[in-house]
Amino acid sequence: MIDLSLIWAFIIAFAVFAYVVMDGFDLGIGILFPGFTVGEERDSAMNSIAPVWDGNETWLVLGGGGLLAAFPLAYAIVLPATYPLIIAMLLGLVFRGVAFEFRWRDPGHRALWDLAFAVGSFVAALTQGMVLGALLQGIEVADRAYAGSWWDWLTPYTLLTGLGTVAGYALLGSTWLIWKLEGPAQDHARRMAFRAAIATLALLAAVSVYTVFLEAQYFDRWFSMPSVLFAANVPLLTAIIAFLLFRGLAKGWEAAPFWLSLALFFLGMAGLGVSMFPYIVPDQVTIWDAAAPESSQIFMLIGVGITMPLIIAYTGWAYWVFRGKVGHEGYH
């Protein structure tokens, strides 16, 4: 018999990863924006994401909406536990979206809009990482509802996961620009990518060690048999990808560093799966506990089966149309 809860868990995980892949690099460009030279370099960076940045956030809507529809109990627990972070994230996304449009239409205040774009991107990335940290560190549940306080999400661990996400998005943004830009701007992006890669790997290692010792259940999932046979491949593959990434940056590769950076994020999500599965709220609620009725899952699955291929096709077509290098005046 097909386990619909597992299918929906995969769909939501895919939507979250797709969001990280597609919105992560343009958030990363915003995070790095203050380091770009005012004028042509900043304009070229913005032009590289202008055709696709707003469509990238479709996956955030799908992931959040899918969680509500398929796992309503988890949604009802996680959202109250992270309301301040979710509100801050949405405000950050609003600020960067408004700034993106107005910096072209209001050149007299472009410095202000550039600042809003950078701050909004940083806040959105930081809060997304902190939400993940708040989930991993544990949410207090009583009678199938959130039982913690307003500030439970604010801990050293969540700050560490938030900074790790900021560094990772900066790595994605810088490697995207290596791929899309030319000349001095590309060289600048490559130097940024070296620094972002070092910060990302250092914070990834710190978060991984912290997570393993955060809860006994995480330690068991990483080091007990037979899960250790799978888990041991994650750090090994991460080390290989990191070596190739630094080699590619040193050798002047253009597209490969971006794809290798995405591979690091994929391995990070694999590590997250090792730590959490089968819980959707760690050590409190499994995916089966939180699942909607089977009839609801089937009904929604039909809709997702129609819309998700369309979203993937449209997104792929948009990236294909705007492939290639981009300059100050846009794509040529």
Side-chain angles (χ1 to χ4, degrees), residues 17-37 41 44-45 48-49 118 121-122 125-126 128-129 132 159-212 222 230-275 319 323-326:
F17 181 68
Y19 174 77
V20 168
V21 168
M22 296 181 186
D23 209 31
F25 67 81
D26 62 59
L27 285 172
I29 290 172
I31 292 165
L32 296 171
F33 212 64
F36 299 140
T37 303
E41 193 167 278
S44 296
S48 74
I49 57 174
S121 299
F122 177 84
L126 181 70
Q128 287 172 19
L132 174 61
L159 289 171
L160 188 64
T161 56
L163 291 174
T165 303
V166 170
Y169 283 177
L171 176 61
L172 288 176
S174 56
T175 53
W176 171 263
L177 292 177
I178 291 171
W179 189 7
K180 291 296 179 178
L181 302 184
E182 298 175 296
Q186 185 189 61
D187 295 336
H188 191 187
R190 185 171 284 108
R191 292 193 297 271
M192 286 182 163
F194 267 109
R195 294 191 288 269
I198 293 170
T200 298
L201 291 168
L203 289 165
L204 178 62
V207 169
S208 299
V209 172
Y210 201 148
T211 302
V212 166
W222 278 95
F230 169 77
N233 292 303
V234 176
L236 176 62
L237 290 172
T238 300
I240 295 172
I241 295 298
F243 169 78
L244 292 174
L245 174 60
F246 282 112
R247 180 176 175 82
L249 292 174
K251 292 288 187 180
W253 298 350
E254 293 196 343
F258 178 71
W259 295 107
L260 291 168
S261 300
L262 292 183
L264 286 178
F265 270 88
F266 177 79
L267 290 171
M269 285 200 67
L272 179 63
V274 171
S275 298
Y319 278 89
R323 66 193 183 278
K325 297 290 186 179
V326 61

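Contact detail for Ala167 and Leu203: the closest heavy-atom pair is CB-CD1, 3.8 Å. What you find for Ala170 and Ala196 is that their closest heavy atoms are C-CB, 4.0 Å. A pairwise comparison of heavy atoms in Ala250 and Phe194 identifies N-CZ, 3.6 Å as the closest pair. The shortest heavy-atom contact between Ile29 and Phe36 is O-CE1, 3.8 Å. Of all non-hydrogen atoms in Pro34 and Gly30, the two that sit nearest each other are CD-O, 3.8 Å.
For the atom pair Ile240 CD1 and Asn233 CG, the distance stands at 9.0 Å (nearest 0.5 Å). Interatomic distance, Leu32 CG to Ser121 OG, rounded to the nearest 0.5 Å: 9.5 Å. Atom CG in Leu264 sits 8.0 Å away from atom OG1 in Thr200 (nearest 0.5 Å). Taken to the nearest 0.5 Å, the CG atom of Leu262 stands 11.0 Å off from the CG atom of Leu267. Expressed to the nearest 0.5 Å, how far CG of Leu172 lies from CG of Asp26 amounts to 10.0 Å. Rounding to the nearest 0.5 Å gives a distance of 11.5 Å between CD1 of Ile31 and CE of Met192.
Considering only residues two or more places apart in sequence or on other chains, Ser208 meets the side-chain contact (heavy atoms from CB on, under 4.5 Å) condition with Leu204.
Exactly one residue among Ile178, Thr175, Leu177, Leu181 makes a side chain to side chain contact (heavy atoms under 4.5 Å, CB included) with Arg190. That residue is Ile178.
Among pairs with a residue in residues 161-174, those fulfilling side chain to side chain donor-acceptor pair (under 3.5 Å) read Gln128-Tyr169, at least two apart in sequence or across chains. For residues 240-256, every residue pair satisfying the side chain to side chain donor-acceptor pair (under 3.5 Å) rule, not counting sequence neighbours, is listed here: Gln186-Glu254, Glu254-Lys325.
Ring orientation note: the planes of Trp176 and Phe25 are close to parallel, at an angle under 30° on the 30°/60° scale.
No close placement of the Phe265 and Phe17 rings is indicated, their centers lying 6.0 Å or farther apart.
In this structure, the side chains of Leu171 and Leu245 come closer than 4.5 Å at one or more pairs of heavy atoms.
Between the side chain of Ser48 and the backbone N or O of Ala45 there is at least one donor-acceptor pair closer than 3.5 Å.
By the 6.0 Å contact criterion, CZ on Phe266 is open, its count of non-hydrogen atoms from other residues, nucleotides or ligands being 12 or less.
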